[in-house]
**Q** 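Okay, here's the structure, questions in a sec.
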Amino acid sequence: MRSNVLYIEDNPDNMTLVKRALESRGYTLLQAVNGMEGVTTAEREEVNLILLDINLPDIDGYEVARRIRTSGKKNTLIYVPIIAVTANALKGDAEKALSAGCDVYMSKPINIRELWARVEAFVPSPMLQK
Ligand code: MN
């Protein structure tokens, strides 16, 4: 099974943290630093799961999720798992993320064990596959 994870995130510290955490479990991390780059990367590359920051410099994560779900370029994007990751702890954000097409919602700061568990729920770690 393939294990390419696309992380759409403008904060370099979070990007580095997630890259190290996922690569240590054998995943391949694809990176996009804004929403539009995220959408085009999802359409162009083989992506098995998407981690999506909500606060992005161009279009927000909700809009990214909607565009990915309705992509006319690649219909498998209807099903690709999307995990929203955001610092907005405000009530209602989870519902907004879910209604925009995300499957799961995670709060920042990122907890590595939670990250591994959330990702592995959709895409098994290559290091655990026999
Ligand atoms: Mn951000």
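Note that ligands are numbered from 1 as they come in the structure, with each ligand's atoms numbered from 1 the same way. Here, residue 1 is the first one in the sequence, and each next residue gets the next number. Hydrogens, waters and symmetry mates play no part in the numbers below; they use all other heavy atoms, side chains included.
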**Q** Using a cut-off of 6.0 Å, state whether more than 12 heavy atoms not belonging to R44 lie near its atom CZ.
**A**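 More than 12 within 6.0 Å, yes.
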
**Q** Looking at every heavy atom in both G61 and L52, which two are closest together, and how far apart are they?
**A**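 Looks like O-CD2, 3.2 Å.
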
**Q** Minimum heavy-atom separation for A21 to L115, with atom names?
**A**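 Between these two residues, the closest heavy atoms are CB-CD2, 4.0 Å.
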
**Q** Name all residues meeting the side chain to side chain contact (heavy atoms under 4.5 Å, CB included) criterion together with D60; count only those two or more places apart in sequence or in a different chain, and write none if there are none.
**A**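 Only Y62, E63 meet the side chain to side chain contact (heavy atoms under 4.5 Å, CB included) criterion with D60.
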
**Q** Taking all non-hydrogen atoms of both residues into account, name the closest pair between N34 and E37 and its distance.
**A**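 So the minimum-distance heavy-atom pair works out to OD1-N, 2.8 Å.
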
**Q** Please report the closest heavy-atom contact between M15 and L29, naming both atoms and the distance.
**A**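 That closest heavy-atom pairing would be SD-CD2, 4.2 Å.
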
**Q** Report, as a single number, the protein N, O or S atoms less than 2.8 Å from the Mn ion (ligand 1).
**A**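 Protein heteroatoms (N, O, S) closer than 2.8 Å to the Mn ion (ligand 1) number 3.
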
